[in-house]
Visitor: 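Before we start, here is the structure in question, set down as structure tokens.
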Amino acid sequence: MHQDLNFTPTPNGNIAPANRADPFRDLIEKLNSAGVRYCHWKSNIRLLESLMGEEDLDILVHREDAEAFDVILAQCGFKPAVSRGGLTHPGVFHAYALDASATRLLHVHAYFRVVTGDSLVKCYRLPIERDLLGVGAVSDGVPLPTPEAELALFALRILLKHLHPVEIWMVRRGYEEVVRELDWLRNRADLQGAAELWREWMPASEPPSLESALAAIAEPRAWLRRVGLGLHLASGLRNHRRIGTIAAEVERLRRVGRMAVGRFRSRRDLVPRTGGLIVSMVGPKAVGKSTLSGELARRLGRELDVRRVHVGKPPPTLLSFAPRLLLPLARRLFKRERAGEYEKPERRSEGRYSLLYVLRMTFAAYDRRALIRKCWKAAASGTIIVTDRYPSETPGAIDSSCFDDAAIDACDSGLKRWLMRRERALYLGLPRPDLVIRLTASRETAVRRDATRMKEGGPDADAVLRRWRMETSAGFGSVPVVTVDTDRTIEASAADVTRAVWRAI
């Protein structure tokens with residue numbers, strides 16, 4: 001028997017922006033109460049946006065407090081994520097939590113070491129954590145570095161982003177934000193104190209002066225001057241490189257390639273540390289499977305690798321490609337052989353199936369198995385797969401084996417019996433989903449929603465009602481099943497679905 005976890009609907013209503021990032025607020029309170037040594041170490045001009053969930057929360061944590069930090073992260077609902085392509089950096093990791101309204105993920109970008117420099121490879125490991133974690137300001141309960149330390153680090157980071165053409169192109173996009181942040185830091189920091197830190201961080205070299213660095217950064221068109229200063233700075237920091245020049249170039253090319261492929265395929269690089277999973281949306285027609293699977297993919301897919309798949313309509317394989325080309329013609333010539341005809345109770349009670357129908361269902365089972373195998377491989381590699389429908393263990397249920405023992409025994413054709421057994425065998429041993437979301441709604445609601453759909457042949461209330469039993473009888477064995485009532489607004493239903501899936505990750 002499946003485990004049916006009835007999920008209590010959340011009340012409908014808009015969440016005020018100040019309440020949307022509750023996990024962040026909870027995290028800050030617990031870190032402060034536990035005495036964890038940490039700070040929000042960069043881009044503090046956008047700290048409010050970060051606390052609202054609109055930006056990453058970039059936290060530097062004292063290495064000795066790493067264990068306490070991990071425990072508190074978990075208590076606040078944050079779950080670690082890893083790079084599928086190995087694009088993360090040592091001493092740095094990502095963690096996500098679902099915000100209070102279940103509309104998006106909140107991102108903690110945690111550092112135990114200052115690994116910085118260019119945007120892609122981050123070639124330098126700078127031993128300056130003590131200066132950043134020293135007593136500075138506190139904003140909204142969040143400890144910050146001293147303005148002087150943040151200004152010196154900002155200048156260092158910007159110059160080191162001017163050592164490669166790709167990096168120069170990346171930093172020049174939206175450079176007005178760099179100038180705005182520089183102005184904000186200058187107004188807060190003591191320039192002499194920042195210059196002293198600048199020299200302390202590079203004791204074995206003669207770095208360019210902080211004043212010249214700030215002047216070059218303040219002028220958007222002075223990128224050539226920034227390149228020269230960056231090369232000078234890099235020479236003085238060569239003892240702090242964590243990766244050699246040639247290795248860095250190879251790594252940069254690899255990362256650019258991975259990013260280009262990911263963008264072309266609309267794939268994210270980060271996946272849950274606990275691994276991927278297959279989440280299946282099942283339920284009667286017009287209860288919102290496609291709508292809610294799209295909402296789920298949108299909410300989680302901004303940060304994590306998420307793919308949507310329609311298992312009810314698998315793409316053709318090499319075996320079925322040619323027969324599928326004949327389907328439109330077959331539907332016109334053999335109207336009584338359409339799948340909808342076999343869904344009618346009187347036709348199903350006869351237990352008689354034509355060779356054309358048996359062939360079509362066998363091809364469908366083959367295509368469905370091929371698609372599910374691909375989904376399983378992707379989930380095993382970390383991807384969150386969201387499926388519209390899924391084969392169940394109940395013969396006769398929608399998208400499942402069509403032929404039970406009685407139908408096979410009653411068939412008088414050896415060829416059809418062989419195909420029926422083959423169809424059943426294709427469903428046996430298929431990977432099970434990790435979580436089933438069973439969507440429910442009243443029949444009246446389903447019929448009303450179906451009437452609003454733009455589809456060939458127009459709405460069909462009879463089809464909705466006659467398929468109801470087929471689509472509600474599916475059993476999934478020991479797979480966890482969460483029941484969500486969709487007889488409500490899309491926002492309320494989507495929030496419950498997203499919370500249920502996030503708990504399973």
Side-chain angles (χ1 to χ4, degrees), residues 41-43 45 60 89-92 111 113-132 145-186 188-253 255-256:
W41 70 288
K42 63 178 181 177
S43 303
I45 188 176
L60 175 66
H89 305 285
V92 183
Y111 296 72
R113 287 286 187 253
V114 175
V115 181
T116 190
D118 51 303
S119 300
L120 295 175
V121 183
K122 299 192 183 301
C123 297
Y124 297 89
R125 150 75 178 101
L126 303 179
I128 60 174
E129 293 85 5
R130 186 182 300 275
D131 292 320
L132 298 177
T146 63
E148 293 73 29
E150 191 173 354
L151 176 60
L153 179 59
F154 176 79
L156 187 149
R157 289 171 51 230
I158 296 301
L159 291 186
L160 291 179
K161 292 179 188 293
H162 284 77
L163 302 180
H164 190 277
V166 172
E167 298 289 344
I168 295 171
W169 174 77
M170 292 177 67
V171 76
R172 290 190 69 186
R173 295 184 304 165
Y175 194 81
E176 62 276 3
E177 287 299 314
V178 173
V179 175
R180 187 169 75 92
E181 185 169 354
L182 174 61
D183 291 340
W184 182 79
L185 288 169
R186 273 176 146 172
R188 297 173 68 246
D190 173 63
L191 186 59
Q192 183 177 351
E196 290 176 2
L197 276 176
W198 175 268
R199 289 189 293 271
E200 287 177 14
W201 290 349
M202 293 162 277
S205 65
E206 285 294 330
S209 69
L210 179 61
E211 292 82 355
S212 63
L214 297 180
I217 294 171
E219 174 51 58
R221 292 174 295 182
W223 65 272
L224 279 176
R225 201 188 331 160
R226 291 193 293 274
V227 170
L229 291 171
L231 291 171
H232 186 178
L233 185 64
S235 175
L237 291 173
R238 58 186 177 274
N239 291 332
H240 292 296
R241 288 189 69 100
R242 68 176 191 88
I243 185 171
T245 304
I246 296 177
E249 186 62 33
V250 172
E251 180 65 10
R252 184 176 291 107
L253 290 173
R255 287 172 181 264
V256 169

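Values below: all heavy atoms of this structure, side chains included; hydrogens, waters and symmetry mates excluded.
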Visitor: Return the CG to NZ distance between L153 and K42, rounded to the nearest 0.5 Å.
Guide: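 Here the rounded value is 8.5 Å.
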Visitor: Looking only at non-hydrogen atoms, find the nearest pair between P220 and A218 and report the distance.
Guide: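 So the minimum-distance heavy-atom pair works out to CD-O, 3.3 Å.
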Visitor: Show the nearest heavy-atom pair for residues W198 and P208, with the distance to one decimal.
Guide: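 W198 and P208 have their closest heavy atoms at NE1-O, 2.7 Å.
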Visitor: Distance check, rounded to the nearest 0.5 Å: I128 atom CD1 versus L60 atom CG?
Guide: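 It comes to 8.5 Å.
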Visitor: Would you find a donor on one side and an acceptor on the other, under 3.5 Å apart, between the side chain of H232 and the backbone of E206?
Guide: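 Between the backbone of E206 and the side chain of H232 there is a qualifying donor-acceptor contact (under 3.5 Å).
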Visitor: Is any side-chain heavy atom of R113 less than 4.5 Å from a side-chain heavy atom of R125?
Guide: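 The answer is yes; the side chains approach within 4.5 Å.
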Visitor: Establish, for the pair R241 and Y124, whether the NZ or CZ atom is under 6.0 angstrom from the six-membered ring centre and no further than 45 degrees off its axis.
Guide: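 Judged by the rule, R241 and Y124 form a cation-pi pair.
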Visitor: Mind listing the closest non-hydrogen atom pair of E148 and L197 along with its distance?
Guide: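 Heavy-atom minimum between the residues: C-CD1, 4.0 Å.
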Visitor: Taking the basic N atoms (NZ, or NE/NH1/NH2) and the acidic carboxylate oxygens, is any pair closer than 4.0 Å for R180 and E176?
Guide: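 Salt bridge flag = no for E176 with R180.
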Visitor: What are the two closest non-hydrogen atoms of R252 and C123, and how far apart are they?
Guide: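 Heavy atoms of R252 and C123 come nearest at NH2-SG, 4.5 Å.
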Visitor: Compare every heavy atom of M202 with every heavy atom of L237, then report the nearest pair and how far apart it is.
Guide: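 Nearest heavy atoms, L237 then M202: CD2-CG, 3.4 Å.
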Visitor: Please examine the side chains of L229 and S212, heavy atoms only from C-beta on, and report whether any two atoms are closer than 4.5 Å.
Guide: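 S212 reaches L229 side chain to side chain.
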Visitor: Is there side-chain contact between D118 and L160, with heavy atoms separated by less than 4.5 Å?
Guide: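 Side-chain contact under 4.5 Å: no.
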Visitor: Can you tell me how far the CD atom of E200 sits from the CG atom of D131, to the nearest 0.5 Å?
Guide: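 So the CD of E200 and the CG of D131 are separated by 6.5 Å.
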Visitor: Let me see the working for V121 and H164 under side chain to side chain contact (heavy atoms under 4.5 Å, CB included), right down to the final yes or no.
Guide: CA-CA 11 Å; V121 183; H164 190 277; over 6 Å; no
Visitor: Search all heavy atoms of R226 against all heavy atoms of L159 and return the closest pair with its distance.
Guide: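 What the structure gives for the nearest pair is O-CD2, 4.0 Å.
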Visitor: Is the Lys NZ or Arg CZ of R173 less than 6.0 Å from the centre of W169's six-membered ring, within 45° of the axis?
Guide: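 Yes; both conditions hold, so R173 lies above the ring face of W169.
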Visitor: Kindly indicate, with the supporting measurements, whether the criterion side chain to side chain contact (heavy atoms under 4.5 Å, CB included) is fulfilled by L151 and W184.
Guide: CA-CA 9 Å; L151 176 60; W184 182 79; over 6 Å; no
